[in-house]
2 protein chains.
Amino acid sequence: MNIKDIAKLSGVGVSTVSRVLNNHPDVKKETRDKVLEVIKECNYVPNNSARILKSNNMKHIGVLVKGIFNPFFSEMLKIIETGINDIGYTMILHHYDTNSLGGNEGEVLISFIKEKRLQGVICLGGNFSKIEEERFEEIEIPIVLTSVDSHMKINTKLFSRVCIDNKKAAYEATKYLIEKGHEHIAIMLGDEFDAGVSNRRVMGYMEALDEYHIPINKDYIVMGGYDFEPAYESAKKLLTASPEITVLFAISDIMAIGAGKAMSDLGFTVGKEISLLGFDGLNIGKYYTPALTTIEQPGKQMAEDCIDLLVQLIEEKEANQNIILETRLIERKSVCNFKG
Amino acid sequence: MNIKDIAKLSGVGVSTVSRVLNNHPDVKKETRDKVLEVIKECNYVPNNSARILKSNNMKHIGVLVKGIFNPFFSEMLKIIETGINDIGYTMILHHYDTNSLGGNEGEVLISFIKEKRLQGVICLGGNFSKIEEERFEEIEIPIVLTSVDSHMKINTKLFSRVCIDNKKAAYEATKYLIEKGHEHIAIMLGDEFDAGVSNRRVMGYMEALDEYHIPINKDYIVMGGYDFEPAYESAKKLLTASPEITVLFAISDIMAIGAGKAMSDLGFTVGKEISLLGFDGLNIGKYYTPALTTIEQPGKQMAEDCIDLLVQLIEEKEANQNIILETRLIERKSVCNFKG
DNA sequence: TTGTAGGCGTTATCAG
DNA sequence: CTGATAACGCCTACAA
């Protein structure tokens with residue numbers, strides 16, 4: 001069932017059908033109605049591939065997500081999707097995991113753009129630092145990177161970025177813990193190969209420690225795999241091996257919750273005998289017991305800024321930008337003062 | 001940069017390039033290498049739309065999700081994606097929310113299939129009971145519905161289904177609570193218009209109450225909007241208005257957690273002075289404090305069954321089926337006996 | 001206001 | 001083994 005069939009059935013030419021389909025004004029009402037009727041009767045749906053193939057301004061914005069199952073991304077995605085629809089574009093979501101390819105996110109990005117004929121892209125997460133400039137240059141549409149590592153050499157000729165200062169956020173978080181009297185401060189990162197975000201945050205952690213002349217203990221730096229289970233296991237091992245630890249700074253709320261369970265299982269009351277600090281500001285933290293103290297990333301704002309910026313870029317009203325947003329410490333119940 | 005350019009640059013015909021692209025064996029090694037080199041040099045990526053337009057067995061399986069942000073679906077999705085890749089297909093994810101259309105999921109489904117030229121579809125959630133048989137009949141590819149309401153008139157001529165018995169699960173859950181000595185049992189549903197799952201579960205709840213001659217109190221049936229915040233508000237209102245309630249059965253773990261917060265805020269210790277029962281068996285429940293007693297849906301199994309069934313269907317080795325899987329009560333710490 | 005025809009980038013068929 | 005060429009379904013000049 002294609003446009004030709006519809007044309008035949010309605011007794012008109014294909015272009016008329018096409019015009020009806022695309023809401024062109026220059027079709028007589030009768031003709032339009034007749035065609036519409038046939039379309040409905042046949043449950044005809046135009047073939048998208050052919051459409052895209054033909055015209056190349058389909059008002060599609062691509063969203064490339066690394067690890068869609070990260071709840072922080074999910075929350076941002078909701079806002080991004082709404083935003084894209086609001087400005088009259090269609091969102092095309094594509095997600096990938098690192099293991100599904102040779103860590104070459106640049107290739108994924110380029111394929112995505114070419115395949116889908118996108119007018120712009122937002123990348124959520126991922127590590128594009130290894131992509132050669134040359135490759136970026138060949139991309140002719142605007143790109144906005146968000147939630148990527150902020151230390152990456154930024155070239156606003158090539159792309160825009162909306163992010164937080166990961167190092168600073170972790171630095172301030174650690175400082176906060178130190179000022180609460182803690183000295184044995186452990187940090188839980190994502191995974192070893194996550195060159196981006198984890199790396200920046202551990203730098204901030206170390207800097208704060210340094211500033212207060214607290215020696216850095218390698219044993220206090222552990223990996224939690226960005227999920228409940230590995231975080232739980234990792235925390236259990238950590239706290240058993242180093243019982244002097246009084247606070248754990250987990251680099252994501254999910255890991256914090258996993259680690260919190262390990263703490264209770266080990267007999268500690270979180271927020272009283274041991275402290276726990278998260279990162280992200282997920283909704284769940286508010287409803288967790290004890291309510292999770294955490295570093296909030298301005299997810300909503302980041303999402304909105306991405307859309308706003310991208311539209312400006314697509315309409316060529318604006319040059320590439322590097323937007324850095326502020327994080328915020330949300331004090332709830334999971335961090336207490338160290339009572340020496 | 002298209003296949004023609006590559007052909008010209010490599011000094012071969014388009015068909016040869018196409019053959020290289022598709023790993024056809026009948027190309028001389030030298031030729032292949034030369035073409036490959038040019039492709040790499042030009043960073044050429046074939047146009048997917050054209051590809052799809054042309055051939056119509058692209059080994060694409062569509063996954064149509066209602067509310068991708070439901071964590072239970074996220075967990076299933078992980079497994080589905082892996083499964084689809086394992087059998088050599090590509091997953092195309094499409095999600096929608098009810099508000100984005102006139103509640104007409106059938107149309108979404110049909111458009112999705114036609115646009116993407118799918119070989120099979122898995123629908124996660126949604127309500128397809130209103131879709132006319134006629135429309136289903138016009139679909140020529142296998143469809144597997146999962147996590148949909150199980151009371152829907154099933155026609156295995158038209159589609160397959162993998163689900164749980166929602167009514168029975170809720171019945172048994174309620175019975176469990178009654179046998180724990182509870183009499184004032186409240187239930188929190190998703191939303192009023194969710195004709196499917198919520199509806200079936202409340203039926204099970206009422207049936208159990210009936211069986212034990214416990215009167216049904218309309219005030220005990222509330223809506224929690226499937227999210228923390230509304231569940232929290234709703235629970236707070238409920239427990240303030242009806243303080244005699246000793247247990248709340250929330251129809252999703254997320255709502256249970258939201259409601260749990262309301263309970264603590266009201267001064268109750270969950271699992272001691274008041275009980276809380278969830279539904280889904282999300283990972284988070286295990287790490288929640290107190291560990292959440294819940295009805296586990298066999299998400300992994302459901303996902304795997306969907307894939308297995310769909311492959312059989314696509315390869316025409318099997319007829320449509322209606323698979324009903326067992327739920328399981330996971331007793332943790334959030335439900336206690338009623339001490340009259 | 002409507003119809004005809006060419007082309008978008010691929011793949012498949014069929015000669016060579 | 002390789003190359004021309006005809007589809008695939010749609011959109012859009014251009015012509016009527």
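In what follows, chains carry the letters A, B, and so on, assigned in the order in which the sequence lines appear, proteins first and then strands, with residues in each chain numbered from 1.
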Taking 4.0 Å as the cut-off, does a side-chain nitrogen or oxygen of B:Thr16 come that near to OP1 or OP2 on D:dG3? yes

Nearest-Å distance, CD1 (A:Ile3) to P (C:dG3)? 12 Å

Taking C-beta and beyond as the side chain, do A:Ile122 and A:Ile307 meet within less than 4.5 Å on heavy atoms? yes

In whole angstroms, how far is the P atom of D:dC10 from the CG atom of B:Leu53? 9 Å

Ignoring hydrogens and geometry, is there a side-chain-to-backbone donor-acceptor pair from B:Ser160 to B:Val144 under 3.5 Å? no

Salt bridge (Lys or Arg N to Asp or Glu O under 4.0 Å) contacts touching residues 30-50 of chain A (sequence neighbours left out): A:Lys29-A:Asp33

Between C:dT10 atom P and B:Ile39 atom CD1, what is the distance in whole Å? 10 Å

In this structure, how many angstroms lie between the P atom of C:dT2 and the CD atom of A:Glu30, rounded? 9 Å

Applying side chain to side chain donor-acceptor pair (under 3.5 Å), can you list everything that pairs with A:Asn322, at least two apart in sequence or on another chain? A:Arg161

Whole angstroms only, please: what is the NZ-C1' distance between A:Lys34 and C:dG3? 14 Å

Spacing between A:Lys4 atom NZ and D:dT12 atom P, to the nearest angstrom: 18 Å

With each end axis built from five pairs of C1' atoms, what bend angle do you get for the helix from C:dT1-D:dA16 to C:dG16-D:dC1? Round to 10°. 40°

Contact between B:Tyr44 and B:Leu9 at the side-chain level, heavy atoms closer than 4.5 Å - yes or no? no

Options C:dT11, D:dG9, D:dT2, nucleotide nearest the side-chain atoms of B:Asn22: C:dT11

Regarding the side chain of B:Tyr44, the nearest nucleotide among C:dT10, D:dG9, C:dT2 is C:dT10

Can you list the residues that meet the side chain to side chain donor-acceptor pair (under 3.5 Å) rule with B:Asp5, with sequence neighbours excluded? none

Between B:Arg51 and C:dT11, is there a side-chain N or O to OP1/OP2 distance below 4.0 Å? yes

Write down the protein N/O and nucleotide N/O pairs, taken from nucleotides 4-6 of chain D, whose separation is under 3.5 Å; answer none if there are no such pairs.
unit_1 : atom_1 : unit_2  : atom_2 : d
D:dA4  : N7     : B:Ser15 : OG     : 3.2
D:dA4  : N6     : B:Ser15 : OG     : 2.6

Base, sugar-phosphate, or nothing: which does B:Asp26 touch, judged by heavy atoms less than 4.0 Å apart? base

For the backbone of A:Leu124 and the side chain of A:Ser147, can you confirm whether one donor and one acceptor N or O come within less than 3.5 Å of each other? no

Rounded to whole Å, CD1 of B:Ile6 lies from P of D:dT2 at a distance of 17 Å

So, taking the atom named CD1 in A:Ile314 and the one named CD1 in A:Ile61, what distance separates them when rounded to the nearest 0.5 Å? 4.0 Å

Please give, in whole Å, the distance from C:dT10 P to B:Asn47 CG? 5 Å

Under 4.0 Å, heavy atoms only, any strand: does A:Ser18 hit a base, just the sugar-phosphate, or nothing? base

For A:Val14, check side-chain contact (heavy atoms from CB on, under 4.5 Å) against everything at least two apart and list the hits. A:Ile3, A:Lys4, A:Ala7

